[in-house]
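Following: one structure in structure tokens, then a few remarks.
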Amino acid sequence: MAAKLIKGAEISKQIREEIAVEIEELKGKHGLTPGLATILVGDDPGSKVYVGQKEKACDKLGIYSARTDIPADTSEEDLLGLVEKFNNDPKIHGILVQLPLPKHIDATRVIYAIEPDKDVDCFHPVNVGKLMIGTARFLPCTPHGIMELLKRSGTDTSGKHVVVVGRSNIVGKPIANLMLQRSPGGNATVTLCHTGTKDLAAFTKMADILIVAIGQPKAITADMVKDGVVVIDVGVNRIGKTPEGKGILAGDVDFDSVQEKAAAITPVPGGVGPMTITMLMKNTVEAAKATIGTK
Ligand code: GUN
């Protein structure tokens, strides 16, 4: 039987409508416009697209957006100076430095320089630590999006076996952590698999909920999952072009075969992807609210 689709594009739209109401209230009652600073270093085409999407989302929702594009040969000191400027700018509540950064810049140093209260990516070690002990002020955007997809598709996680494939700092490690927190949307038994895992399929077959973020097209196939699994596919891989020159995307999961066995699955595109920017908008609004103590 074909799986139910977990439609991130629709859920994302719903959440953006909720955020728009919050923004109206902040503006009307408190005269406060949430503000997001995005910094793009260099001209990587993929990063340009992502930053453009973030800017557009801000504009649509009425979030003040300060985009700064600087050349690839910008010095680390100059970038740190720019971060400091936004740290001290009261119009700015969230700061996002698009990754990856050019090789001559130490990304860790830049992330450490962002004021934790404005770290809407949730990459600063203070925020990562807070996430770990369950007192986070922000949740990182993609994991937060995954939590919302599970919640709003009616997937209960409590007591379930969640298997995460991929140990990145942006997705794998934080989502594994969130899933094991003793709180709604968590309370799962978690297994975190990675490139060092021997016999990956033995673990993925045990999953009630399978979350995959490895950046390898169609790596998880039907023989690696059990009947009735809920699948969250974070991968967005370009696997070719249509005759018209449009990019063809595939997830990390072999959608066609796995959806025959799964109870529910996110499509690619239109699954996790649209949620990430939506949760960035949510974090920016939360950061703005915190400045007036309405949180
Ligand atoms: N590059 C790829 N994903 C992200 C993200 O979520 N935040 C930032 N800052 N850079 C990224």
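Order of appearance sets the numbers: ligands from 1, and atoms from 1 within every ligand.
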Q. Could an N or O of ligand 1 be found under 3.5 Å from any N or O of Val97, whether backbone or side chain?
A. yes

Q: Give the residue, atom name and distance (to 0.1 Å) of the protein heavy atom nearest atom 10 (N) of ligand 1.
A: Leu99 N, 3.0 Å

Q | Nearest protein heavy atom with distance in Å, relative to atom 3 (N) of ligand 1 | A | Ile170 CD1, 4.3 Å

Q: Measure the distance from atom 11 (C) of ligand 1 to every protein heavy atom, then report the residue, atom name and distance (to 0.1 Å) of the closest one.
A: Gln98 NE2, 3.5 Å

Q) Looking only at protein heavy atoms, which one is nearest to atom 6 (O) of ligand 1, and how far off is it? A) Asp121 OD1, 3.8 Å

Q. Do you see a donor-acceptor pair shorter than 3.5 Å between the side chains of Thr221 and Asp223?
A. yes

Q. For Leu96 and ligand 1, does the shortest N/O to N/O distance drop below 3.5 Å?
A. no

Q) Does even one non-hydrogen atom of Tyr50 get within less than 4.0 Å of ligand 1? A) no

Q. Do Phe86 and Thr68 come within less than 4.5 Å of each other through their side chains, counting heavy atoms only?
A. yes

(Q) Pairing donors with acceptors under 3.5 angstrom, does anything connect the side chains of Gln98 and Lys54? (A) yes

**Q.** Main-chain N/O of Lys218 paired to Asp233 side chain as donor or acceptor, under 3.5 Å
**A.** no

**Q.** For Ile111, the option from Val97, Asn169, Asp119, Leu99 that meets side chain to side chain contact (heavy atoms under 4.5 Å, CB included)
**A.** Leu99

Q) Side-chain contact, heavy-atom cut-off 4.5 Å: Leu178 with Leu131? A) yes

